[in-house]
Amino acid sequence: MTSSRPATADWTLHPHRALPAEPGLRDIAVRIYEQTASLPLVCMHGHVEASVFADDEPFADPAQLLIVPDHYVTRMMASQGIPLESLGVPRRDGGPVETDSRKIFRTFCENWHLYRGTPSRYWLEHELVEVFGVTERPSAESADRLYDRISECVADPSFRPRALLDRFNIEIISTTDPASSDLSVHGRIAEDGLGERVVPTFRPDGVLQLERPTWREEIATLAEVSGIDTSSYAGYLDALRERRAAFVAAGARATDHGHLYADTHPMDPADAASLYSRVLGGETPTAAEARAFSAHMLLEMAGMSCEDGLVMQIHPGVLRDHSTQVFERHGQDKGYDIPIGAEYARAVRPMLERHGLDPRFRVILFTIDETVYSRELAPLAGAYPSVRLGAPWWFLDSPDGMRRFRELVTETAGFANMSGFVDDTRAYASIPARHDLARRVDAGYLARLVAEHRLEEDEAIETAVDLAYRLPRLSYPKPVPA
Amino acid sequence: MTSSRPATADWTLHPHRALPAEPGLRDIAVRIYEQTASLPLVCMHGHVEASVFADDEPFADPAQLLIVPDHYVTRMMASQGIPLESLGVPRRDGGPVETDSRKIFRTFCENWHLYRGTPSRYWLEHELVEVFGVTERPSAESADRLYDRISECVADPSFRPRALLDRFNIEIISTTDPASSDLSVHGRIAEDGLGERVVPTFRPDGVLQLERPTWREEIATLAEVSGIDTSSYAGYLDALRERRAAFVAAGARATDHGHLYADTHPMDPADAASLYSRVLGGETPTAAEARAFSAHMLLEMAGMSCEDGLVMQIHPGVLRDHSTQVFERHGQDKGYDIPIGAEYARAVRPMLERHGLDPRFRVILFTIDETVYSRELAPLAGAYPSVRLGAPWWFLDSPDGMRRFRELVTETAGFANMSGFVDDTRAYASIPARHDLARRVDAGYLARLVAEHRLEEDEAIETAVDLAYRLPRLSYPKPVPA
Amino acid sequence: MTSSRPATADWTLHPHRALPAEPGLRDIAVRIYEQTASLPLVCMHGHVEASVFADDEPFADPAQLLIVPDHYVTRMMASQGIPLESLGVPRRDGGPVETDSRKIFRTFCENWHLYRGTPSRYWLEHELVEVFGVTERPSAESADRLYDRISECVADPSFRPRALLDRFNIEIISTTDPASSDLSVHGRIAEDGLGERVVPTFRPDGVLQLERPTWREEIATLAEVSGIDTSSYAGYLDALRERRAAFVAAGARATDHGHLYADTHPMDPADAASLYSRVLGGETPTAAEARAFSAHMLLEMAGMSCEDGLVMQIHPGVLRDHSTQVFERHGQDKGYDIPIGAEYARAVRPMLERHGLDPRFRVILFTIDETVYSRELAPLAGAYPSVRLGAPWWFLDSPDGMRRFRELVTETAGFANMSGFVDDTRAYASIPARHDLARRVDAGYLARLVAEHRLEEDEAIETAVDLAYRLPRLSYPKPVPA
């Protein structure tokens, strides 16, 4: 038995990683990948906070940068019995959690084996080696040296958030902002000349989902920020229109909707207005009412998109905060969100019946349930001119997940009905790794089509550039209000 | 970067296209494919109109042959914002559509890139090169030359429908005909000596689905054609039996059923009779009533199949005419049919409880929802002697779709419980391409089993011939009425 | 055309069977497989009867060993119209079935082609060649010689069940025993010094599922065996606790639950108690009541697992005895069990809310519906410390099925959250074949990760040993009652 590279040797990344292993395929894939590897990054949907760019503060330390805020990383250790507290994940009650970042980082390095076969492992390798110049595999033994190395980088001005925009070759990046945001943070970014490069996305979940405990509070903030009285349903719609216009003015290209269901069935407007008033007045909506209202409002959002040109993104199908105990102790987005079966054919029909053939309308459908790729999403995207199919999302944004996506959707929907790559992350330092991985996986898929004589190589290269760069630009155009 | 073949060079098809790329696998696959490549085509289910064979008229022109009637081709352009009108797709209201076939063909050639990675691309390449002798890749620049070349072919008597039966090596082909058909067109075909080669299929959807606006009209035609009074439920069943017998006499091998659900739960016969009378009398059935009646009648059809020996085909799970606007403007079958989640284990149980072990019964189950391949369909086909699993259907009749089918069903159901290849197309000129592609994909799948030492090569070759030729013949035998 | 090995030649198994065909991948896979090929077998879940080990009788003959009791084998012939009676499958009414084992074996050999591409074929080949030293492919012509060869083996003392434990290198094997078992058979095994090597599993389905016709009878036996009055719900729970303790004392590591749904929603305890009493008193429960009670009791079992340390296994989603006719004629487990769509995210939530973060709790989730692998099961296993994902089960325990499992779950759940291999068979002689196949498939999957530079080879080897040996040992530890 020979191991290809002993753990003690210099740790480098193979230039052909994540490309097909078969030599003939790999040769073609390398030629395709070479044409996309250095294209600028178009990051049209993600969760890096706008304040990161506005403040341009250095990152605190390696653990706070790479471990603590990344629920992909912390949940994997939690799944093996390592408490989130010991990984420094803050408690909502302010209770004690580990604050020694070096110790947190060491725990991570000791558990490096847990990430085998996962995309986190792939991204982290890329970050450690390519971004921070690490030359050793993480382990209990190497942990402190890695920590020191990354700490040095983080302290360097060239690793500040704005500098990283250039280092990472990011052409444009979009944040995600609640409907009730006053966009002042984006205002500061624009004042510094980055307004075209860092843009907001309008995310109104908080004001569309009646059942949330914070809903009334959000409606009050919406009124305040918009300057429009939201005490009636009509005022509420006006306030939403006002905020959407403000977002467009601030450079937004899109809206984003994280509903449990993709449902877009309308309510009678009078019923919607009455329900709105009752809940605003203190009544607790039934689950069916809340679901009906959010479906109704998704359809309303589609109508407003026809008017103001914001591209609509729908991210449904996740049962959030599956563990109440984890939610109560640590809050949202801690890795305990579990997908459920999704349905689109009937759910989005009211929206597509009303706006699906409207040339002003653009909707990008995402899913975390692979069963709808070939069954519902590809047929919809391959027929309606308004529909684009979003890139593989969340758990599916992985080497095999992305390959399956291509294999399951391309034959029905073609390439031109795709959104192109979307990184969708809150882990800023992982963005180049994610784009790079997607470009490699696409090169591998296209190489197979070439090797099987289903596509010519010149077509494959043009398509690879489309998927990496042109399609995300085309899928999220600047709004042209009607 | 080197492209394997520049766009300007002679356009030819690689002899090893759609076979595995890995050299060792490909060698085996080539040997397997060579044993099936020239076998006759057995086309036991499809949608070429009987009149095509009865009239034997030349095809109008390249656009009317290849573009306008093929909803796979037109929907892909529509999905990119090209109106169906500009592609010559007729409007139901007789409104203006593009009539310049050369212009339509040019639009298609300009959009050749949209078909990358789709089976349409693969089939069209095969048709253009192998059937029509085209030697240039479609493009804006080459469009007129291609149009002229195909026009020449179409004008030649050797390209008339009957001549193509020989050119395409079609041993037998089945049309699809409504229950109320008088079969006179098939009579003309039989008079010309082609009665054994072109056979009808009994498709009673129009008279089984109460909710259709045309149902009463269809029932009236059924009475007229059968000469049996359909004013009662008993008469209706008799008329159905009479038509089935007429189809058997005209050479039919099978029935076909395009229901939304595979449901076969029976109604109480008295309730079915009463519902039949009420709806015939003008009452509008509820959705639940219509669904119950169609399930009940599917079970009735299974019973009649035991009596008259017609093989039953079930094609469920498609939400037809998802876009009402497209339907109202252009009618059915325009690419706006969207699959929904399917269920078979419970749905077909009443039918299999009643007839599943009856040696006279044969049912072929198709699906457009891949999730049931390994979960429900393979276990059913691998247990009940009456059940065969239909070939990958519609969107799934593609290189990767067919590969996934084999990988998902074979391990549980084996090969002998498959229907063998079914082309199921209305695009006559694409039939050889479809059979050829299936033979290549099967050769690739079988080659992998051989290369992984899971099958001997002699067994693989025998199996390839089964899938391409013997199984479709065995799966659709001549009815032997009881 | 050359066949790699003519049917008449000596029949041997290729040393690289079921490893990847591509030479580069295969080289790596061989190196990985060599490190696991001779590891001891850990068989923590299966259906070999305890009496086989207690009695240590020789097997009757080749047909009774390999054909008659294996429903994978008999159902495939039944699916092609060969009656179960002619294969010697006993009738419940004692009616006549084939008793000539040589004739049954001949029918099997004549139908050897039906198993092409199935795992049964792969396992049978391994058994015939590796266990029984057969050197000819099964066929009508070779059937009798094979029968004689296997008969000789079976007659030899070195092929008795206990001797096979050593020949097969089985370190530990678990039987499956009803909750009402008095464990006397295991007592006899323990007396002979095999108590640590052959252990029971607690399977209480018969006493948790109110709707079973035998439920009252089982409850009576439970009372008798436990010595606890089960006339009240409280007594019933106590009796269950007593039996679990007895199983623990007899060496059990786990419980097993074969419910239709994975549902764990609790009932109000008073309602559960009342329902229990009513059904015990002769009332027939509604389907909803029976379902609610079994869900409630699954949650109760989880609570008891926290107390006594038995690992919980859940095997849901199979519609048993789909053909009433087959069930009435031949009884359960005859190949007519059909999977249905599964749901876990909501179903197991009550259990995970209550016990999911409890370090004393361990649950292993199995599925026969592949759609939940990436959607629900991997996210659950990748978050909750108590959850492990069971190995591919039943129809999915096949070369391509196991490969898909790895590809669909690893990227989200990693390797450490897997149960490791579980053979789950009643076909004793197939156990080595099943473990060997799993080790080969895992080697192939890991080799791809290495070849794509997603994993180092030393990590792949460590992981392969984990999956084959360490994880099953770790996943089913000796109970440490609280």
Side-chain angles (χ1 to χ4, degrees), chain B residues 20 22-25 28 31-32 34-35 341 343-346 349 352-353 356-357 359 370-376 378-387 406-417 445-463 466, chain C residues 1-7 13-23 71-72 75-76 78-82 111 113-122 125 137 317 319 322-326 334-342 368-371 394-396 398-401 403-404 444:
Chain B
E22 197 273 311
L25 274 185
I28 304 170
R31 291 198 297 269
I32 296 170
E34 280 170 353
Q35 302 298 313
E343 198 281 332
Y344 291 80
R346 283 163 162 143
R349 193 176 187 181
L352 296 180
E353 287 278 30
L357 306 176
E370 303 186 69
T371 69
V372 297
Y373 279 161
S374 74
R375 189 179 67 212
E376 300 173 42
L380 287 167
Y384 285 97
S386 56
V387 177
R406 289 273 169 250
E407 293 178 0
L408 284 159
V409 304
T410 306
E411 295 184 321
T412 293
F415 292 105
N417 291 309
Y445 172 71
L446 289 162
R448 183 165 68 80
L449 296 190
V450 172
E452 293 176 6
H453 306 287
R454 293 160 60 188
L455 204 64
E456 303 289 339
E457 190 165 321
D458 64 322
E459 296 175 300
I461 286 170
E462 195 177 84
T463 303
D466 285 349
Chain C
M1 184 206 100
T2 62
S3 180
S4 50
R5 219 177 313 138
L13 302 184
H14 196 286
H16 298 159
R17 64 193 183 279
L19 296 175
E22 197 272 310
H71 59 70
Y72 289 74
R75 72 157 173 82
M76 187 59 90
S79 78
Q80 286 288 310
I82 299 168
N111 285 285
H113 62 281
L114 296 181
Y115 301 93
R116 290 176 186 169
T118 70
S120 294
R121 150 77 176 244
Y122 187 92
E125 279 190 350
R137 209 198 264 190
L319 202 57
H322 193 268
S323 169
T324 303
Q325 194 178 324
V326 171
K334 291 300 168 287
Y336 289 76
D337 302 321
I338 308 295
I340 58 171
I368 205 165
D369 174 3
E370 302 186 70
T371 68
W394 203 331
F395 300 114
L396 305 175
S398 59
D400 287 340
R403 178 179 51 75
R404 287 196 300 274

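Keep in mind it's a predicted model, so treat the numbers as computed, not measured. All chains are named by letter (A, B, ...) in the order of the sequence lines, taking the proteins before the strands, and each is independently numbered beginning at 1.
- Using a 4.5 Å cut-off between heavy atoms, B:Ala447 does not touch chain C at all.
- If you measure heavy-atom distances from C:Leu396 to chain B, the contacts under 4.5 Å come from the side chain alone.
- Taking chain C as the reference chain and counting heavy-atom pairs below 4.5 Å, the highest number among B:Arg454, B:Arg349, B:Glu370 is found for B:Arg349.
- If you measure heavy-atom distances from C:Ile340 to chain B, the contacts under 4.5 Å come from both the backbone and the side chain.
- Of all heavy-atom pairs spanning B:Glu353 and C:Thr324, the tightest one is OE2-OG1, 2.5 Å.
- No part of B:Ala378 comes within reach of chain C, as not one of its non-hydrogen atoms sits under 4.5 angstrom from that chain.
- For B:Glu407 and C:Arg404, the salt-bridge test fails: no basic side-chain N is under 4.0 Å from an acidic carboxylate O.
- Contact count versus chain B (heavy atoms, under 4.5 Å) is highest, among C:Arg17, C:Gln325, C:Arg121, C:His16, for C:Arg121.
- Considering every non-hydrogen atom in both C:Gly117 and B:Leu455, the closest pair reads N-CD1, 4.2 Å.
- Listed here is the closest heavy atom pair of C:Thr118 and B:Thr410: CG2-O, 3.7 Å.
- The closest side-chain heavy-atom distance from C:Ile338 to B:Arg346 is not below 4.5 Å.
- Contact annotation: the side chain of C:Arg137 approaches that of B:Glu456 to within less than 4.5 Å [non-hydrogen atoms, C-beta and beyond].
- When all heavy atoms of B:Ala451 and C:Ala21 are compared, the pair lying nearest together is CB-CB, 3.4 Å.
- Looking at B:Ile28, neither its backbone nor its side chain comes within 4.5 Å of chain C, counting heavy atoms on both sides.
- In terms of heavy-atom pairs under 4.5 angstrom with chain C, the leader among B:Ala381, B:Ala383, B:Pro379 is B:Ala383.
- Looking only at distances, a side-chain donor or acceptor of C:Gln80 sits under 3.5 Å from a matching main-chain atom of B:Ala416.
- Taking every heavy atom of both residues into account, B:Glu411 and C:Pro119 meet most closely at O-CD, 3.1 Å.
- Across all non-hydrogen atoms, the minimal contact from B:Glu22 to C:Pro23 is OE2-CD, 3.5 Å.
- Considering only heavy-atom pairs separated by less than 4.5 Å from chain C, the leading option among B:Leu25, B:Thr463, B:Leu408 is B:Leu408.
- Separating the CG atom in B:Leu380 from the NE2 atom in C:His322 is a distance of 5.5 Å, to the nearest 0.5 Å.
- Comparing C:Pro339, C:Ala78, C:Ser120 by how many heavy-atom pairs each has under 4.5 Å with chain B, the most go to C:Pro339.
- The line from CZ of C:Arg75 to OG1 of B:Thr412 is 6.0 Å long, rounded to the nearest 0.5 Å.
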Next item on the list: Evaluate the side chain to side chain contact (heavy atoms under 4.5 Å, CB included) criterion for residues B:Glu452 and C:Leu19: first the C-alpha distance (whole Å), next the side-chain angles of each, then the deciding distance (0.1 Å), finally the verdict.
Entry: CA-CA 6 Å; B:Glu452 293 176 6; C:Leu19 296 175; over 6 Å; no
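- Qualifying ring-ring contact (aromatic ring centres under 6.0 Å, His included) partners for C:Tyr336, counting only residues two or more places apart in sequence or in other chains: B:Tyr384.
- To the nearest 0.5 Å, atom NE2 of residue C:His14 and atom NE2 of residue B:His453 are 3.5 Å apart.
- Using a 4.5 Å cut-off between heavy atoms, C:Thr371 touches chain B through its side chain atoms alone.
- The structure places OG of B:Ser374 at 7.5 Å from CG of C:Asp369, a figure rounded to the nearest 0.5 Å.
- Using a 4.5 Å cut-off between heavy atoms, B:Tyr344 does not touch chain C at all.
- For B:Arg448, the part lying near chain C is the side chain, with the backbone staying farther off; criterion is any non-hydrogen pair under 4.5 Å.
- Taking the side chain as every heavy atom from C-beta outward, C:Ser323 and B:Leu357 approach each other to under 4.5 Å.
- Within the 4.5 Å cutoff, no side-chain heavy atoms of B:Arg406 are placed close to those of C:Asp400.
- Interface residue C:Phe395: backbone and side-chain heavy atoms are both found under 4.5 Å from chain B.
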